[in-house]
Peer 1: 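Questions regarding the structure given below will be posed in turn.
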Number of protein chains: 2
Amino acid sequence: MQNSEAIALSAALLAVAGELTQRIHEGVVARGFEGVRPAHGFAFTRLAPDGATVTDLAAHLGVTKQAASQLVDELVRKGYVERRPHPGDARARLIVLTELGWACTRAAEEAAAEAVRPWVELLGEGEVRVLRAQLLRIAPYGPIRPAW
Amino acid sequence: MQNSEAIALSAALLAVAGELTQRIHEGVVARGFEGVRPAHGFAFTRLAPDGATVTDLAAHLGVTKQAASQLVDELVRKGYVERRPHPGDARARLIVLTELGWACTRAAEEAAAEAVRPWVELLGEGEVRVLRAQLLRIAPYGPIRPAW
DNA sequence: ACAGATGGTCAAGTTGCTTGACTAAGTCTG
DNA sequence: CAGACTTAGTCAAGCAACTTGACCATCTGT
């Protein structure tokens, strides 16, 4: 594969990812969830379904645990998550989604489905399935980080 | 397409994009270009091949022109770009890549090719070509923004 | 020709992250 | 089972990339 092809692939991928993030975010806001940023969505994916500690969250987001803790503060203030005592480790706390947090997560899922719909119209259902399968095969197992 | 499938597709796409951005960045740093951030790369893609104004750059990156101007300051200080008088508009300035800027761009292209290589090994050359074609079809024409 | 739009910068404020220092609780060793 | 080390979490201060607001110089349209 030539460099120029790799560039075209990379540029297209990043453009699509940026667009997708923005559309999901807009969709969530349009459904009435204000004061949430895209980074919160990535936190939610780690907190669902059973919660996680601040340290887990920090690793998932690729930030320091102080930053993760501040993010949790903000989400608590806005009512999306709760800090609970951790069963079996008195130092730790289990951060869990509130009902509002779950509602927001469902809104994000709907927004994602909506954002993907044009792709189905463009490529057809089968091709999108192929795309998903390909991306799943090359997706890293590690933390999901901001793209930049 | 079900919501859960759209979620899986979105998550995989964003994970791959995050990974890709990080690998390209690491590759550029490994080639000796320090003090560059991923956002600079997106600026470079707009500045090549003929330069652009600060306002163009701001629109491309999806930030204010003040932010774009500050970014240009930084790139000038580090030797990657130059501000030139704009031919035909005395208000504007044409921001162009220096030789160092071009070298950095080539390094990013090599790093991108390197980051994509494992995908070829995983999926095969043909499948990657399909992936590229699909992404190019759904890629937006608009500005390339940070994913979040 | 002059009113308004546009390109760019300066200055100040906000925000989301970092590094550093610390406490409380768990774990491992002898 | 005591003492040293590690780990979870927070507090505090600083930094860096952005924002908003104000401003001047230049271009454009009637």
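Chain letters run A, B, ... following the sequence lines, proteins first, then strands; residues in each count from 1.
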Peer 1: Could you tell me whether B/Arg106 and B/Glu110 have a side-chain N and a carboxylate O separated by less than 4.0 Å?
Peer 2: no
Peer 1: Give a yes or no on whether a salt bridge exists between B/Glu19 and B/Arg23, defined as a side-chain N under 4.0 angstrom from a carboxylate O.
Peer 2: yes
Peer 1: Out of B/Asp50, B/Val81, B/Leu75, which one pairs with B/Leu97 under the side chain to side chain contact (heavy atoms under 4.5 Å, CB included) rule?
Peer 2: B/Val81
Peer 1: For A/Leu57 and D/dA8, what is the distance between atoms CG and P respectively, to the nearest whole Å?
Peer 2: 13 Å
Peer 1: B/Lys65 has an atom NZ; how far is it from atom P of D/dC23, in whole Å?
Peer 2: 15 Å
Peer 1: Within this structure, what is the CG-to-P distance between A/Asp73 and D/dT10, rounded to whole angstrom?
Peer 2: 7 Å
Peer 1: Check the distance between D/dC18's P and B/His40's NE2 and give it to me in whole angstrom.
Peer 2: 8 Å
Peer 1: Output yes when at least one side-chain N/O atom of A/Thr55 is less than 4.0 Å from OP1 or OP2 of D/dT7, else no.
Peer 2: no
Peer 1: Of the residues in residues 80-93 of chain A, which ones touch DNA chain D at a heavy-atom distance under 4.0 Å?
Peer 2: A/Arg83, A/Arg91, A/Ala92, A/Arg93
Peer 1: Rounding to a whole Å, what distance do you find between B/Gln66:CD and D/dC24:P?
Peer 2: 16 Å
Peer 1: If each of A/Thr53 and B/Arg37 is mapped to the nucleotide of DNA chain D with the nearest heavy atom, which maps nearer the 5' terminus, i.e. the 5' end?
Peer 2: A/Thr53
Peer 1: Decide, yes or no, whether a salt bridge links A/Arg132 with A/Glu127 under the criterion of side-chain N to carboxylate O below 4.0 Å.
Peer 2: no
Peer 1: Round to the nearest Å and state the distance from B/Gln70 atom CD to D/dG21 atom C1'.
Peer 2: 14 Å
Peer 1: Once you apply a heavy-atom cut-off of 4.0 Å, does A/Thr64 come out as touching a base, just sugar-phosphate, or nothing?
Peer 2: base
Peer 1: Counting only N and O atoms by type, is there a donor-acceptor contact under 3.5 Å from the side chain of B/Ser69 to the main-chain atoms of B/Lys65?
Peer 2: no
Peer 1: What is the distance from atom OH of A/Tyr80 to atom OG1 of A/Thr105, rounded to the nearest 0.5 Å?
Peer 2: 10.0 Å
Peer 1: Any side-chain N or O of B/Ser69 under 4.0 Å from OP1/OP2 of C/dT9?
Peer 2: yes
Peer 1: Rounded to the Å, how far apart are A/Leu71 CG and C/dC17 P?
Peer 2: 6 Å
Peer 1: Does this structure show an ion pair linking B/Lys78 with B/Glu74, if we count only N-O contacts that are shorter than 4.0 Å?
Peer 2: yes
